[in-house]
Amino acid sequence: MAADVKLTPLGAMVLALLREGDMHPYEMMRLLRQRRDDRMVKLTNGTFYHTVGRLEREGLIAEVGTDRDGNRPERTTYTLQPAASDVLENWVRTGLARTDSTPEFRVALAEAHNLPRAEVIDLVSSRRAALAAESDTIGAALAGAAERRVPHQFLIETDRHAALLRAELTWTDGFLESLADASYAWGIDEIPAEHRAAKAAERKAARQ
């Protein structure tokens with residue numbers, strides 16, 4: 001059943017793209033590269049087409065037509081199936097709870113706008129609490145090591161971990177502050193008209 005599908009980060013990105021409208025795989029890959037989303041996942045033709053095929057077999061997407069432009073290969077266009085939105089949203093919820101920087105979290109964060117603002121605030125706030133607890137634990141460990149006069153060369157990785165946690169907490173606080181501001185556009189319904197036009201032009205160019 002579609003609800004039992006184990007999405008990969010790339011699979012989630014495909015579903016998110018098709019939320020914008022029906023597309024063929026070549027168009028999707030071009031958009032991912034143009035938007036630099038390939039920073040988060042390894043993107044090759046083989047893995048991409050395998051992902052599209054798996055999503056189709058799982059009933060999350062379906063062929064909606066084919067076209068041929070000149071001497072180019074025939075292209076199959078795909079559309080989302082009814083279960084796809086719930087599967088994507090549940091995947092994003094799970095990914096946003098992660099406290100690491102794996103592709104799952106990064107892609108979930110990139111697709112967080114698919115969830116309501118209030119829900120994202122709750123999820124990110126919960127994640128912040130977990131990060132703060134981890135930061136306190138690491139800080140206490142470093143303080144204890146300092147009291148025992150442990151040479152710093154043995155604490156370099158732990159020190160780096162502590163610094164990254166502090167930076168992550170600072171960024172998270174800023175993000176939550178932005179989300180709490182009603183003037184901060186969130187979700188497709190709040191996208192400015194000029195940005196909608198820009199995205200439409202971007203998609204048109206990617207189809208070529």
Side-chain angles (χ1 to χ4, degrees), residues 6-17 19-20 31-43 85-148 150 152-196 198-199 202:
K6 303 297 183 185
L7 281 184
T8 63
L10 183 56
M13 294 168 82
V14 170
L15 295 185
L17 277 173
R19 269 193 155 186
E20 298 180 26
L31 283 173
L32 288 174
R33 290 181 173 127
Q34 287 173 9
R35 297 172 181 177
R36 299 301 307 276
D37 288 338
D38 55 345
R39 294 174 299 109
M40 297 181 286
V41 296
K42 185 176 182 179
L43 187 60
S85 289
D86 285 344
V87 171
L88 173 62
E89 290 171 8
N90 286 333
W91 188 90
V92 172
R93 289 184 185 100
T94 300
L96 282 178
R98 299 182 68 111
T99 56
D100 50 25
S101 296
T102 59
E104 286 79 5
F105 170 71
R106 295 181 67 192
V107 173
L109 188 61
E111 301 301 340
H113 57 269
N114 287 289
L115 299 179
R117 181 194 301 260
E119 184 174 8
V120 174
I121 290 175
D122 287 344
L123 289 166
V124 174
S125 295
S126 295
R127 181 177 186 270
R128 191 210 180 280
L131 289 172
E134 184 178 359
S135 180
D136 290 344
T137 299
I138 295 295
L142 284 171
E147 290 178 1
R148 298 192 304 276
V150 176
H152 188 263
Q153 62 182 297
F154 301 120
L155 304 172
I156 294 172
E157 193 284 327
T158 306
D159 189 50
R160 174 183 179 273
H161 189 182
L164 291 176
L165 283 169
R166 290 193 297 271
E168 184 78 7
L169 286 167
T170 298
W171 177 87
T172 301
D173 288 339
F175 178 46
L176 287 170
E177 183 178 348
S178 296
L179 279 176
D181 184 349
S183 68
Y184 182 79
W186 189 259
I188 191 168
D189 293 336
E190 297 183 18
I191 295 177
E194 60 269 23
H195 186 69
R196 291 176 188 266
K199 286 180 76 68
E202 182 183 53

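Side chains are part of it too, since the values below use all heavy atoms of this structure and drop only hydrogens, waters and symmetry mates.
In this structure, the side chains of R36 and D38 come closer than 4.5 Å at one or more pairs of heavy atoms. You'll find the side chain of W186 stays beyond 4.5 Å of the side chain of P116, heavy atoms only. Counting heavy atoms from C-beta outward, V120 and V92 have side chains that stay 4.5 Å or more apart. Considering only heavy atoms from C-beta on, V14 stays 4.5 Å or farther from L32 through its side chain. Here the side chains of P103 and M40 are not in contact, with every heavy-atom distance at 4.5 Å or above.
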Go through the steps for I138 and D159 under the test side-chain contact (heavy atoms from CB on, under 4.5 Å), then give the verdict. CA-CA 8 Å; I138 295 295; D159 189 50; over 6 Å; no
Start with the C-alpha distance between W91 and E104, add both sets of side-chain angles, then the distance that settles side-chain contact (heavy atoms from CB on, under 4.5 Å), and finish with yes or no. CA-CA 9 Å; W91 188 90; E104 286 79 5; 4.1 Å; yes
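Summarising the geometry of E190 relative to Y184, their closest heavy-atom pair is OE1-O, 3.7 Å, with the distance given to 0.1 Å. Scanning both residues, L109 and F175, for their nearest heavy atoms gives CD1-CE2, 4.3 Å. Nearest heavy atoms, E111 versus A16: OE1-CB, 3.2 Å. Among all heavy-atom pairs drawn from L88 and L7, the shortest one is CA-CD1, 4.3 Å. What you find for A12 and V107 is that their closest heavy atoms are CB-CG1, 4.4 Å. Of all heavy-atom pairs spanning L169 and S135, the tightest one is CD1-CB, 4.0 Å.
Here the side chain of N90 pairs a donor or acceptor atom with the backbone of D86 at under 3.5 angstrom. Under the 3.5 Å distance criterion, the side-chain polar atoms of D173 are left unmatched by any main-chain donor or acceptor of T170.
For the salt bridge (charged side-chain N to carboxylate O under 4.0 Å, His left out) test, residues two or more places apart in sequence or in another chain that qualify with E89 are R19, R93.
Here the CG-CZ distance, from L43 to R33, works out to 4.5 Å after rounding to the nearest 0.5 Å. In this structure, the separation between OG1 on T8 and CE on M13 is 10.0 Å, given to the nearest 0.5 Å. Between D100 atom CG and F105 atom CZ the span is 8.5 Å, to the nearest 0.5 Å. A distance of 8.5 Å separates NE2 of H161 from OG1 of T158, quoted to the nearest 0.5 Å.
A salt bridge links R127 to E168: one of the charged nitrogens lies within less than 4.0 Å of a carboxylate oxygen. A salt bridge is defined here as a Lys NZ or Arg NE, NH1 or NH2 lying under 4.0 Å from an Asp or Glu carboxylate O, and D37 with R35 fails to meet this definition.
Other residues, nucleotides and ligands contribute at most 12 non-hydrogen atoms within 6.0 Å of the CD1 atom of I188.
For the residue pair R98/T102, the side-chain donor-acceptor check at 3.5 Å is satisfied.
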